[in-house]
Amino acid sequence: MYSTHKNPLGIYEKALPNAFTWEEKLTAAKRAGFDYMELSIDESDERLARLEWSDEEIENLRSVLRFTGMSLPTMCLSGHRRFPFGSKDPAVRARAMDIMEKAIMLSVKLGIRCIQLATYDVYYEESDDETKELFLEGMREAVAMASRAGVILAMEIMDTEFCGTIVRALHYIKEIPSPYFKIYPDMGNLSNFSHDVTGEFELGLSETVAIHVKETRPGVFKEVPFGEGEVHFVEIFKKLKELDYHGMFLIEMWADNSLCLTVDQAAEKIAEARRFVIDKMRKAGMDVPEEGK
């Protein structure tokens with residue numbers, strides 16, 4: 001459960017096997033010592049179908065959350081990679097807005113407070129001035145919808161140059177000033193695109209609502225095991241302590257779905273990542289929970 005005396009540390013849903021039930025995923029996260037899980041709505045048909053959940057299906061998940069003592073305060077909404085706001089195809093832009101509206105409504109029903117946006121103007125198309133302008137127009141409408149629902153939209157610092165740094169994200173914050181439009185930096189992505197990661201955090205801290213803790217190395221943005229990349233975690237955590245950041249941290253990693261793991265085995269894999277991160281936080285002088293807590 002959450003503590004008011006330490007930064008909440010969560011785990012990405014995709015860190016647990018796809019074959020697991022919700023109870024198995026949440027139980028594994030709980031056993032590993034995590035405070036919360038981040039829901040994934042990616043570009044696959046299977047995950048996008050979650051936006052169509054009935055009230056009964058939503059209530060069933062809420063029951064599992066109560067039973068396990070876990071929560072879903074954030075959503076990783078990466079479905080816009082396939083259906084981006086900046087597409088020159090009006091039908092794709094309409095689908096992007098439909099996804100956004102349904103994600104906001106699902107968040108309200110599940111108690112999700114923050115939707116992390118995949119900040120691409122386009123991904124499978126070529127980016128240009130028109131796609132960037134269309135993206136901005138879509139964001140204005142999306143932020144208006146989220147504001148009415150009391151849900152924060154937070155731009156992830158991404159794995160492409162378009163929004164690969166906090167400085168680039170701040171351009172859109174200035175264009176759409178709103179308490180419901182913020183930034184969700186990713187330590188790993190930022191380390192790939194900026195030579196001054198700690199300076200970026202200093203510039204964007206007031207707009208930051210949560211932070212992804214992810215390992216990367218140059219040109220490789222996913223599935224780099226902790227300790228095998230080039231992210232300077234201790235240095236970054238030291239800067240965040242200096243800046244008095246008290247928000248959420250989310251460990252982003254991916255399960256190997258070719259393996260048939262038990263709940264205990266899956267829990268140990270994510271617990272290992274948690275121990276790695278807590279060790280870096282401790283070395284940076286941050287307040288961290290005791291081992292196993």
Side-chain angles (χ1 to χ4, degrees), residues 1-42 44 46-78 103 106-116 184 210-215 222-223 225-226 247-281 288-293:
M1 295 293 288
Y2 277 90
S3 167
T4 56
H5 301 290
K6 65 180 179 70
N7 295 75
L9 183 58
I11 186 70
Y12 187 37
E13 182 195 341
K14 287 187 177 181
L16 283 307
N18 289 339
F20 275 16
T21 65
W22 277 112
E23 184 173 342
E24 288 171 329
K25 289 178 181 179
L26 293 162
T27 297
K30 181 76 170 181
R31 288 181 186 175
F34 286 97
D35 300 301
Y36 70 96
M37 182 178 287
E38 182 165 273
L39 178 71
S40 167
I41 306 287
D42 64 20
S44 68
E46 179 185 10
R47 293 286 170 96
L48 287 172
R50 292 175 169 186
L51 300 176
E52 311 295 337
W53 274 342
S54 67
D55 287 344
E56 182 180 2
E57 289 172 305
I58 291 170
E59 184 52 39
N60 287 339
L61 176 52
R62 288 171 62 92
S63 295
V64 176
L65 290 168
R66 287 192 295 269
F67 176 74
T68 57
M70 293 292 286
S71 64
L72 297 170
T74 60
M75 173 194 295
C76 177
L77 179 61
S78 52
L106 178 60
S107 295
V108 170
K109 292 178 180 180
L110 282 173
I112 291 170
R113 305 189 298 274
C114 174
I115 298 174
Q116 178 214 71
Y184 196 142
I211 297 173
H212 265 178
V213 183
K214 184 180 72 178
E215 184 73 278
K222 291 182 65 175
E223 300 185 47
F226 283 104
M248 294 185 289
F249 288 111
L250 190 284
I251 291 180
E252 186 173 28
M253 58 185 289
W254 289 264
D256 182 347
N257 286 296
S258 68
L259 302 176
C260 295
L261 301 179
T262 65
V263 170
D264 285 340
Q265 289 170 330
E268 177 51 32
K269 282 195 173 292
I270 60 175
E272 182 180 355
R274 180 179 179 272
R275 288 191 292 269
F276 176 91
V277 170
I278 285 180
D279 176 66
K280 302 305 181 187
M281 296 172 76
V288 297
E290 297 177 10
E291 191 62 42
K293 300 294 185 181

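- Checked against ring pair (Phe, Tyr, Trp, His ring centres under 6.0 Å), Phe20 has no partners two or more places apart in sequence or in another chain.
- Between the side chains of Thr262 and Asp264, not a single donor N or O lies within less than 3.5 Å of an accepting N or O.
- Annotation: salt bridge (charged side-chain N to carboxylate O under 4.0 Å, His left out) contacts of Lys222 (sequence neighbours excluded): none.
- Asn257 places no side-chain N or O within 3.5 Å of a backbone atom of Pro17 that could act as its donor or acceptor partner.
- The existence of a salt bridge linking Arg50 and Glu13 is confirmed by a sub-4.0 Å separation between a basic side-chain nitrogen and an acidic carboxylate oxygen.
- To the nearest 0.5 Å, atoms CG (Asp256) and NZ (Lys269) are separated by 7.5 Å.
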Exercise for the section: For Asp55 and Lys109, run side-chain contact (heavy atoms from CB on, under 4.5 Å): C-alpha distance rounded to whole Å, both residues' side-chain angles, the deciding distance at 0.1 Å, then the answer. Expected result: CA-CA 8 Å; Asp55 287 344; Lys109 292 178 180 180; 3.0 Å; yes

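- Take Lys14 and apply the side-chain contact (heavy atoms from CB on, under 4.5 Å) test, not counting sequence neighbours, and it matches Tyr12, Ser40, Asp42, Arg47, Trp254.
- Met37 CE to Ile251 CD1: the interatomic distance, rounded to the nearest 0.5 Å, is 12.0 Å.
- Among residues at least two apart or in separate chains, salt bridge (Lys or Arg N to Asp or Glu O under 4.0 Å) pairs with a member in residues 62-74 are Glu59-Arg62, Glu59-Arg66.
- The line from CG of Leu106 to CG of Leu39 is 6.5 Å long, rounded to the nearest 0.5 Å.
- Note: Leu26 CG to Lys30 NZ = 10.5 Å, rounded to the nearest 0.5 Å.
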Practice task
Evaluate side-chain contact (heavy atoms from CB on, under 4.5 Å) for Trp22 paired with Thr27, printing each intermediate quantity in order.
Solution key: CA-CA 8 Å; Trp22 277 112; Thr27 297; over 6 Å; no

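- Among residues at least two apart or in separate chains, ring pair (Phe, Tyr, Trp, His ring centres under 6.0 Å) pairs with a member in residues 259-280 are Phe226-Phe276, Phe233-Phe276.
- You'll find the side chain of Met248 reaches within 4.5 Å of the side chain of Pro73, heavy atoms only.
- Applying the side-chain contact (heavy atoms from CB on, under 4.5 Å) rule to Ser54 yields the partners Glu56, Glu57; only residues at least two apart in sequence or on another chain are considered.
- The closest side-chain heavy-atom distance from Leu110 to Ile58 is below 4.5 Å.
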Practice task
Report the C-alpha separation of Glu24 and Leu16 in whole Å, then their side-chain angles, then the decisive distance to 0.1 Å, and conclude whether the side-chain contact (heavy atoms from CB on, under 4.5 Å) test is met.
Solution key: CA-CA 9 Å; Glu24 288 171 329; Leu16 283 307; over 6 Å; no

Exercise for the section: Step by step, work out the side-chain contact (heavy atoms from CB on, under 4.5 Å) result for Phe34 and Leu9. Expected result: CA-CA 6 Å; Phe34 286 97; Leu9 183 58; 4.2 Å; yes

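- Arg113 places no side-chain N or O within 3.5 Å of a backbone atom of Thr74 that could act as its donor or acceptor partner.
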